[in-house]
Amino acid sequence: MDNPIRVAQIGAGGFGYRHFDCLTAPCGRQFFDFCAAADPVFASDHSLRRKYEKAGYRYYEDFKAMLVNEPSLEAVTIVAPIHLHEDILRECLRHDLYIYLEKPPVPRIEQLNNLLMLNNQEKVAVGFQWIASHPLQQAKRWVLEGRLGRLESLRALAAWPRKDDYYQRNDWAGKMEYDGAPVFDGPATNALAHLVHNIMFLGGDKLNSFTEPSSCEGEYYRVRPEIDSYDLAVLRGTLETGPSYHAVLTHACEETIPFFVEMTGTRGWIRIGSDGCSLESSWGEHHFYANEVDDSYHLNFSDFALFSRGLKQHPHTRLLDSKGYLKAVCGGLSASGGIHTVSTKWTEKLKDGSYIIQDGADYFIRASKERKLLSELGWLGMEEENTCTSTISLGD
């Protein structure tokens with residue numbers, strides 16, 4: 001662009017490195033004029049301060065001070081702890097900035113509805129980066145072209161192991177609430193949230209549209225005993241556009257099962273696999289995208305820049321477009337009747353700090369293939385537990 005966006009970053013530690021790299025890399029500088037970052041970590045992290053000083057960027061410990069002292073700002077990216085998203089977003093909206101909010105947007109559907117009532121959602125993009133990916137965009141085009149006939153079902157599966165250090169990386173990891181605010185941290189609502197969001201995108205009836213669940217079921221399990229949130233979730237339901245959906249998402253595993261999203265229709269199937277880097281179909285087309293992870297981030301950020309300059313009507317994911325994702329994960333939790341702790345007689349802690357379930361991968365794969373909840377498989381004696389398999393009908 002001839003006129004890059006004047007941008008700052010809220011949240012420099014942790015996953016903040018990814019935003020920093022996208023904004024300051026040569027391809028990012030075509031779209032962004034990065035000037036500052038804010039994070040309380042600057043008070044104690046001397047190496048991070050030196051990194052910003054050496055590059056000529058300003059830094060602040062308080063994001064509100066940055067917003068006041070950087071009056072030329074046009075946009076911010078937010079990559080802060082989940083429980084702070086709502087308050088930070090409200091403050092940035094008061095400054096009339098364009099905002100790139102890292103996923104997940106907020107933990108609860110009520111929070112999203114309250115933010116949408118501010119009527120400023122047209123300035124907010126949510127960083128579900130896989131929506132910009134080449135295989136996802138191509139798959140959506142194939143569906144809308146009628147390659148599958150009538151779309152009947154979507155399913156997703158991913159098992160990404162997480163060890164002790166993942167849950168010790170901050171004070172809110174593995175929490176349902178922290179410091180009086182909701183967190184709802186776990187695979188379906190943090191690291192693998194994009195898979196639930198992808199289902200809502202692929203089920204939409206227009207190229208840039210999303211759908212929402214009309215009904216949902218769910219089972220949430222706690223395998224790692226010291227967390228109060230969950231590390232295994234199964235979600236199932238029906239979308240407003242007609243297809244059914246199913247997702248198995250977990251961190252309680254020994255080996256990685258790369259994520260896939262599969263669409264099945266009356267004439268065939270499409271599968272995005274290899275953690276989003278491959279695309280194949282029942283009619284024989286196959287593509288592999290070697291740098292898809294990095295490309296998707298850069299594509300999402302450049303899209304945000306074009307949106308901020310008025311060169312696109314809206315970003316890949318608006319705040320409103322997150323509603324289907326939140327309905328699925330929050331409705332699934334209600335249907336589950338809370339989070340169920342798996343008995344230690346079925347679990348094992350490995351030397352590397354992972355908690356696993358005996359033969360867990362077999363159960364995850366079977367549940368996905370058969371579109372079943374784990375309790376419907378007689379999973380680990382869970383028929384003796386008070387798991388809930390009720391269906392929740394969803395309204396606005």
Please report the closest heavy-atom contact between V79 and G11, naming both atoms and the distance. CG1-O, 2.9 Å
Would you say that more than 12 heavy atoms from the other residues, nucleotides or ligands in this model lie under 6.0 Å from the CZ of R267, or not? no
Parallel under 30°, tilted from 30 to 60°, perpendicular over 60°: which one fits the rings of Y17 and F15? perpendicular
Y245 ring centre to R155 NZ or CZ under 6.0 Å, with the angle to the axis within 45°? no
Tell me, please, whether Y230 has R222 positioned over its six-membered ring: NZ or CZ under 6.0 Å from the ring centre and within 45 degrees of its axis? no
For residues I10 and T77, determine if any side-chain heavy atom of one lies less than 4.5 Å from a side-chain heavy atom of the other. no
H19 and ring pair (Phe, Tyr, Trp, His ring centres under 6.0 Å): which single residue from F304, Y297, F301, F32 fits? F301
Heavy-atom pair of closest approach, residues S322 and L112: C-CD2, 4.1 Å
With a 4.0 Å cut-off on N to O distance, would you call D164 and K349 a salt bridge? yes
Is it true that R141 and Q138 share a donor-acceptor pair across their side chains at a distance under 3.5 Å? yes
Go through the steps for Y100 and I78 under the test side chain to side chain contact (heavy atoms under 4.5 Å, CB included), then give the verdict. CA-CA 6 Å; Y100 182 101; I78 300 172; over 6 Å; no
Parallel, tilted or perpendicular: which describes the rings of F210 and F201, with under 30° parallel and over 60° perpendicular? tilted
Given L73, which of L67, I5, V7 fulfils the side-chain contact (heavy atoms from CB on, under 4.5 Å) condition? L67
Judged by modelled atom types alone, do R150 and T266 share a side-chain donor-acceptor pair under 3.5 Å? no
Just to verify, what does Y60 make a ring-ring contact (aromatic ring centres under 6.0 Å, His included) with, not counting sequence neighbours? none
Measure from the side-chain N and O atoms of T347 to the backbone N and O of V223, and report whether any donor-acceptor pair falls under 3.5 Å. no
Closest non-hydrogen atom pair, F260 against G273: CB-CA, 3.9 Å
Indicate whether the side chain of E219 and that of H340 have a donor and an acceptor atom separated by less than 3.5 Å. no
Side-chain H-bond candidate by donor/acceptor type, D275 with W160, under 3.5 Å: yes
Is K123 close enough and on-axis enough to Y98, meaning under 6.0 Å and within 45°, for cation-pi? yes
Near-ring test H194/F259, centroid separation under 6.0 angstrom: yes
Is the charged tip of R169 near the ring of Y166: under 6.0 Å from the six-membered ring centre and within 45° of its axis? yes
Whether Y57 and F34 hold their rings parallel, tilted or perpendicular, with breakpoints at 30° and 60°: perpendicular
For S229 and M176, indicate whether the former's side chain and the latter's backbone hold a donor-acceptor pair under 3.5 Å. no
Students often mix this up, so state it plainly: with edges at 30° and 60°, are the rings of F42 and Y52 parallel, tilted or perpendicular? perpendicular
Regarding K372 and E370, does a basic nitrogen lie under 4.0 Å from an acidic carboxylate oxygen? yes
Does a side-chain N-to-carboxylate-O contact under 4.0 Å join E177 and R108? yes
